[in-house]
2 protein chains.
Amino acid sequence: MSNSKLYKGSLTTIILKLLNEHDKMYGYEITQHVKALTKGELKITEGALYPALHKLEAEGLLDVEVAKVDNRLRKYYKLTETGTKETVNKLEELAEYIKTMQALVNPKLA
Amino acid sequence: MSNSKLYKGSLTTIILKLLNEHDKMYGYEITQHVKALTKGELKITEGALYPALHKLEAEGLLDVEVAKVDNRLRKYYKLTETGTKETVNKLEELAEYIKTMQALVNPKLA
DNA sequence: TCTTATACATAAGAAAATTATGTATATATT
DNA sequence: AATATATACATAATTTTCTTATGTATAAGA
């Protein structure tokens with residue numbers, strides 16, 4: 001994912017946020033999108049992505065819809081109602097995390 | 001540590017940064033300091049802290065010095081030269097992480 | 001023909017945490 | 001005096017989340 005360990009725990013937030021913007025996306029599309037948005041900084045590996053998607057689906061945050069494009073399989077994921085609510089929570093948690101870390105790392109500005 | 005999973009992977013950064021500011025600290029002091037700085041938002045658990053300190057020591061980033069205060073044991077940790085250099089790296093990684101996540105979460109500002 | 005890209009998946013192992021438990025002393029409360 | 005809380009360390013079992021490696025299959029490009 002990156003040389004930095006800080007990304008541990010943020011994959012779910014990333015997935016939910018992308019799906020919140022794009023209505024529906026398939027796994028490979030997510031990896032390419034993240035790579036482009038971060039200019040190659042962040043590469044989502046398949047070993048991390050697919051289990052994460054399956055888990056979110058099992059938790060009822062995502063719905064899946066299978067499609068065949070160019071004779072190749074695609075699994076389109078989209079947010080459920082619960083997933084949309086959880087996206088809001090995750091984004092709040094991210095904002096809170098950044099705020100907290102900045103308080104620790106830059107206490108003079110607190 | 002917190003209800004948010006985002007803190008996973010940031011404990012080392014937090015420890016190094018605090019030691020970079022305070023010259024020497026002992027474990028319990030670190031937990032109290034973090035709790036105070038974050039107004040209770042972030043509680044470092046002992047099960048996470050002590051193994052992390054031992055690992056940093058084993059890696060040569062921290063030196064330890066045992067003291068007895070009020071008949072109780074304290075282990076003071078301080079940065080080695082290598083540890084000081086690594087602190088700079090970790091803080092750069094944190095800044096980079098925040099930048100990357102904001103690009104993902106708030107692409108309009110990118 | 002061979003490599004790269006697209007598209008999914010899982011399994012073994014590592015890393016970093018949580019949760020639970022243990023030891024011991026000092027101080028505050030009932 | 002007894003009990004609870006605070007101080008101060010530690011580790012073990014388990015869980016979560018990731019990396020790395022591997023597998024299947026089609027399409028496109030060199």
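We name chains A, B, ... by the order of the sequence lines, and we start the count at 1 in each one.
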Is the backbone of B:G60 close enough, under 3.5 Å, to the side chain of B:T80 for a donor and an acceptor to pair up by distance?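 Yes, the answer is positive, given that a donor and an acceptor are paired below the 3.5 Å cut-off.
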
Proximity to the side chain of A:P51 - top-ranked nucleotide from C:dT10, C:dT19, D:dT7: C:dT10

Quick check for you: among C:dT19, D:dT7, C:dA9, whose closest atom lies nearest to any side-chain atom of B:Y28? D:dT7

Any side-chain N or O of [X] below 4.0 angstrom from OP1/OP2 of [N]?
{"X": "A:Y26", "N": "C:dC8", "answer": "no"}
{"X": "A:K43", "N": "D:dT19", "answer": "no"}
{"X": "B:K55", "N": "C:dA16", "answer": "yes"}
{"X": "B:K8", "N": "C:dA15", "answer": "no"}
{"X": "A:R72", "N": "C:dA7", "answer": "yes"}
{"X": "A:Y50", "N": "C:dC8", "answer": "yes"}
{"X": "A:H54", "N": "C:dC8", "answer": "no"}
{"X": "A:K5", "N": "C:dA16", "answer": "yes"}
{"X": "A:N71", "N": "D:dA27", "answer": "yes"}

Mind checking B:G27 for me? I need base, sugar-phosphate or nothing, with any heavy atom below 4.0 Å counting as a touch. sugar-phosphate

So what does B:G9 hit on the nucleic acid, given a heavy-atom distance under 4.0 Å: a base, only sugar-phosphate, or nothing?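 It contacts sugar-phosphate atoms only.
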
Check the distance between [N]'s [atom2] and [X]'s [atom1] and give it to me in whole angstrom.
{"X": "A:K68", "N": "D:dA27", "atom1": "NZ", "atom2": "P", "answer": "9 Å"}
{"X": "B:Y77", "N": "D:dC9", "atom1": "OH", "atom2": "P", "answer": "8 Å"}
{"X": "A:I30", "N": "C:dA9", "atom1": "CD1", "atom2": "P", "answer": "11 Å"}
{"X": "A:K90", "N": "D:dT17", "atom1": "NZ", "atom2": "C1'", "answer": "12 Å"}
{"X": "A:E29", "N": "C:dA5", "atom1": "CD", "atom2": "P", "answer": "18 Å"}
{"X": "A:I44", "N": "D:dC18", "atom1": "CD1", "atom2": "C1'", "answer": "11 Å"}
{"X": "A:D70", "N": "D:dG29", "atom1": "CG", "atom2": "P", "answer": "12 Å"}
{"X": "B:L6", "N": "D:dC18", "atom1": "CG", "atom2": "C1'", "answer": "15 Å"}

Do A:E41 and A:Y7 have a side chain donor and acceptor closer than 3.5 Å?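 There is such a pair (donor and acceptor under 3.5 Å, judged by atom type) between the side chains of A:E41 and A:Y7.
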
Any donor-acceptor N or O pair under 3.5 Å, side chains A:S10, A:Y97: no

Taking for B:V69 and for A:E46 the nucleotide of DNA chain D with the nearest heavy atom, the one nearer the 5' end belongs to B:V69

Do A:V88 and A:I15 share a hydrophobic cluster (ILVMFWY, side-chain heavy atoms under 4.5 Å, transitive)?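 They do not share one cluster, since no chain of ILVMFWY contacts under 4.5 Å joins A:V88 to A:I15.
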
If you assign A:L73 and B:T45 each to the DNA chain C nucleotide with the nearest heavy atom, which residue ends up on the more 5' nucleotide?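 On the 5' side of the pair lies A:L73.
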
I need the single residue from B:T82, B:T13, B:T12, B:L16 that forms a side chain to side chain contact (heavy atoms under 4.5 Å, CB included) with B:T87. Which is it?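 In the set B:T82, B:T13, B:T12, B:L16, the residue that makes a side chain to side chain contact (heavy atoms under 4.5 Å, CB included) with B:T87 is B:L16.
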
Tell me the closest heavy-atom pair linking B:M1 and B:T45, and the distance in Å. N-CG2, 4.1 Å

